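Notes for the one structure printed next.
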There are 2 protein chains.
Amino acid sequence: MDKEQLSKLIDRYLASSFTVNRRLSAITRDLLPDELTLDQSAALRYLRDNGCTTSSELAEIFCVGKSSITAIITRLSDKSLIERVPDEKDRRVTYLKATPEGERLTRQFDSKLEEMLCEYLSHFTDQEAFGFIELYEKLAAALVQARAESESEENR
Amino acid sequence: MDKEQLSKLIDRYLASSFTVNRRLSAITRDLLPDELTLDQSAALRYLRDNGCTTSSELAEIFCVGKSSITAIITRLSDKSLIERVPDEKDRRVTYLKATPEGERLTRQFDSKLEEMLCEYLSHFTDQEAFGFIELYEKLAAALVQARAESESEENR
DNA sequence: GCGATATAGTTCAATAGTGAAACTATTCGA
DNA sequence: TCGAATAGTTTCACTATTGAACTATATCGC
C-alpha cells in the first residue's frame, strides 16, 4: 500500500471510530441504571466475569493510574456493588469482587445492551459480522501485545 | 444466526472494543502536545477539517450537551487555538474556526498519530484493512442513521 | 407590529474520572 | 536486618460532563 492510500485509510479509521464510540457511548449511557456510570459498569462487568481481581490489575486493563481505580471502586463499594477481600498471605493486596447485587445489576444492564446492539447488527450479514469481529479482535490482540513488549523493554 | 451465537458475538464485540479504545486512547494521549487533551484535539481536528462550525453542531457530533462544548472551546480559545466568529445575519450564532496555530498543532499531532497507527496496520493485509474499515464505516453510518430517525420521530 | 415561543450560546453548581506526588503498610532481597 | 520494591490510598488540581437557570436574539401567529 502506498503512503497516500495509507494516510487516507487512517483518516477513515479515525473518523469512523470517533463516530462509533461517541454514539454508542451515548446510547449505552441511556440504558445504564441510574446508580452506575459507564466506567463503573465496565469495572463491575470485568469483576463479574474475571473473579477476584486487584486494583493494580484493573489499572492495567483500564490503562489508567491506580488512583483512578481507587476512586471508581470506592464509589462502587459505597453502593455495596463490590466487596474488598483482603489477601490472607500478602496483606498489601486486596481482591475486588462483585456482590450479588452488583452482579444482578450488570446482568440486567447487559441484556438491555445486547438487545440494543442486536438492532445494529441486523445491518450486517452473518459473514460480515464474523469477519468484522475477527479483525477487531486481531487489532485488540496487537495492542495488548505491543504493551507487553514495551514493558519487557523497560525491564531490560 | 441463533440467539446463543448472537450473544457471544456481542460479548466479543464489547471486549474488543473496550480493549482497543482504552489502549489506543492511552497511546494517543502520550503523543498529544502538552497543551491539548484528547477531547480538545478531537474538537480542533473537526474544526480544521470542516471549516466554520457552530457550538450546537459540535454538540451533536460529540453527542454531549452544549455546555460541555462551551467549556472545551473556551479552553481552546484561551490558548488561541480557535477563534469565535459572530454570524453577520443571525446574531445568536457564533462560528468556530481553528487559528493557524491551532491548525499547525493538529497537523503535527496527526502525523505522529499516523506513524503510530501504521505500525499496528502492519499486522493486517491490505484486503483485511480495507474490509475492516468498510464495515466500520457501515456501522458508523447505521448509528448516524438511527439518530436521525429517532429525531424525526420526536418531531412527529 | 407585538407578544408568545423557540433557538444559540453562556454560566453555574455538582459530580466523575484522571495524573502526579506524597504517603502508609507490607514484603522481599542482599 | 536494613534498604528497596510493591499495593493501595489520599490529596490536589484539572478536564469533561449534565442539567437548570439565564441572556440575547429571532421567528411565528395573530
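Values below: all heavy atoms of this structure, side chains included; hydrogens, waters and symmetry mates excluded. From a predicted model like this one, the values you see are computed outputs, not experimental measurements. Lettering follows sequence order; numbering is per chain, from 1.
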For B/Ser68 and D/dT18, is the shortest distance between a side-chain N/O and OP1 or OP2 below 4.0 Å?
-> yes

Return the nearest nucleotide to the side chain of B/Val64; candidates are C/dG9, D/dT17, C/dT18.
-> D/dT17

Would you mind classifying the nucleic acid contact of A/Ser67 as base, sugar-phosphate or nothing, using non-hydrogen atoms under 4.0 angstrom?
-> base

From the candidates D/dT17, C/dA16, C/dT18, the one with an atom nearest any side-chain atom of B/Ala71 is D/dT17

Gap between atoms CD1 and P, on A/Ile72 and C/dT15 respectively (whole Å) = 17 Å

Heavy-atom nearest nucleotide on DNA chain C taken for A/Arg92 and for A/Thr37; more 5' hit belongs to A/Thr37

Does the distance from a Lys or Arg side-chain N to an Asp or Glu carboxylate O, for B/Arg48 and B/Asp110, drop under 4.0 Å?
-> yes

Could you check A/Arg22 against A/Thr94 and say which one's nearest nucleotide on DNA chain D is further toward the 5' end?
-> A/Thr94

Give one of base, sugar-phosphate or nothing for B/Thr74, where a contact means two heavy atoms less than 4.0 Å apart.
-> nothing

Length of the line joining B/Asp90:CG and C/dA8:C1', which is rounded to integer Å = 8 Å

For the pair B/Thr106 (side chain) and B/Arg104 (backbone), establish whether a donor and an acceptor sit closer than 3.5 Å, ignoring hydrogens and angles.
-> no

So, the side chain of B/Lys79 versus the backbone of B/Glu35: is there a donor-acceptor pair under 3.5 Å, distance only?
-> yes

How would you label the contact of A/Ser55 with the nucleic acid (heavy atoms, under 4.0 Å): base, sugar-phosphate, or nothing?
-> sugar-phosphate

Closest of D/dT9, C/dG9, C/dG19 to the B/Arg29 side chain is C/dG19

Could you say whether A/Gly65 or B/Tyr95 is positioned toward the 5' end of DNA chain C, judged by the nucleotide with the nearest heavy atom to each?
-> B/Tyr95

Distance, rounded to the nearest Å, where B/Arg84 contributes CZ and C/dG9 contributes P | 10 Å

Roughly how many Å is it from CG in B/Asp39 to P in D/dC14, rounded to a whole number?
-> 18 Å

Indicate yes or no: at least one non-hydrogen side-chain atom of A/Lys66 is less than 4.5 angstrom from one of A/Ser56.
-> yes

To the nearest Å, how far apart are B/Arg75 CZ and C/dT18 C1'?
-> 13 Å

Test item: side-chain donor near acceptor, A/Arg29 and A/Ser41, under 3.5 Å = no

d(CG, B/Leu58; P, D/dA16) in whole Å | 13 Å

Separation of atom CD1 in B/Ile69 from atom C1' in D/dG19, rounded to whole Å | 15 Å

Classify the nucleic acid contact of B/Ser56 as base, sugar-phosphate or nothing, counting any heavy atom under 4.0 Å across all strands shown.
-> sugar-phosphate

Between C1' of C/dT10 and CD1 of B/Ile73, the distance in whole Å = 9 Å

